[in-house]
Trainee: 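Dropping the structure in here first, questions after.
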Amino acid sequence: MTYTEDQGRKLGVVGWVKNTARGTVTGQVQGPKEKVEIMKNWLRSVGSPMSRIDRAVFSNEREIPSLEFQSFTTKY
């Protein structure tokens, strides 16, 4: 399990993250708004120990009627 998966699961959010070939990370986070905000702050300022965070951009934020994922995972 990756640090990001562990953090997402601890918070109780669902979704996924994936490292890209450009050295960036992409993904989706779903859950209660306050939990998603905590996860965003973690991604923006903490991240995994081996990461270097230059900036974090979050887009396409919207309310959804139900969760689309079962858990929080890393895609490879």
Side-chain angles (χ1 to χ4, degrees):
M1 182 180 315
T2 68
Y3 287 95
T4 306
E5 278 179 87
D6 188 48
Q7 181 66 16
R9 290 176 182 181
K10 282 181 186 174
L11 288 173
V13 295
V14 298
W16 57 272
V17 290
K18 180 178 181 177
N19 293 318
T20 71
R22 297 185 326 241
T24 63
V25 177
T26 188
Q28 285 190 35
V29 178
Q30 297 179 355
K33 186 174 183 175
E34 63 276 3
K35 301 286 186 179
V36 170
E37 288 300 319
I38 293 169
M39 186 67 177
K40 284 169 52 179
N41 287 333
W42 185 87
L43 291 165
R44 184 182 293 119
S45 60
V46 181
S48 61
M50 300 301 289
S51 66
R52 187 185 90 215
I53 304 166
D54 293 326
R55 70 184 178 117
V57 177
F58 301 97
S59 60
N60 300 323
E61 295 185 51
R62 66 189 193 286
E63 288 192 28
I64 56 174
S66 61
L67 299 176
E68 300 166 326
F69 302 98
Q70 299 284 324
S71 64
F72 198 88
T73 61
T74 301
K75 291 186 177 185
Y76 296 96

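In this text the structure is predicted, and so the values were computed from the model without any measurement.
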Trainee: For the atom pair CD (E5) and OG (S48), what is the distance rounded to the nearest 0.5 Å?
Mentor: 11.5 Å
Trainee: Do R9 side-chain atoms and F72 backbone N/O form a donor-acceptor pair below 3.5 Å?
Mentor: yes
Trainee: Got more than 12 heavy atoms from elsewhere within 6.0 Å of NZ, K40?
Mentor: yes
Trainee: In terms of hydrophobic clustering (I, L, V, M, F, W, Y; side-chain heavy atoms under 4.5 Å; direct or indirect links), are V36 and V14 co-clustered?
Mentor: no
Trainee: Going hydrophobic residue to hydrophobic residue with side-chain gaps under 4.5 angstrom, can you get from F69 over to V25?
Mentor: no
Trainee: Restricting to non-hydrogen atoms, name the atom on K75 and the atom on K18 that form the minimum distance, rounded to 0.1 Å.
Mentor: O-CG, 3.5 Å
Trainee: If you group Ile, Leu, Val, Met, Phe, Trp and Tyr by side-chain heavy-atom gaps below 4.5 Å, do L67 and V13 land in one group?
Mentor: no
Trainee: Identify the residue among T73, T74, V29 that makes a side chain to side chain contact (heavy atoms under 4.5 Å, CB included) with V17.
Mentor: T74
Trainee: Step by step, work out the side-chain contact (heavy atoms from CB on, under 4.5 Å) result for T26 and W16.
Mentor: CA-CA 8 Å; T26 188; W16 57 272; 3.9 Å; yes
Trainee: Starting at NZ of K33, measure out to CD of E61 and round the result to the nearest 0.5 Å.
Mentor: 8.5 Å
Trainee: Which residue in the set I38, I53, T4 passes side chain to side chain contact (heavy atoms under 4.5 Å, CB included) when paired with L43?
Mentor: T4
Trainee: For the side chain of S45 and the backbone of N41, is there at least one donor-acceptor N/O pair under 3.5 Å apart?
Mentor: yes
Trainee: Excluding sequence neighbours, so at least two apart, what forms side chain to side chain contact (heavy atoms under 4.5 Å, CB included) with D6?
Mentor: M1, K10
Trainee: Is the closest side-chain heavy-atom distance between M50 and Y3 below 4.5 Å?
Mentor: no
Trainee: Just wondering, are more than 12 heavy atoms of other shown residues or ligands nearer than 6.0 Å to CD in Q70?
Mentor: no
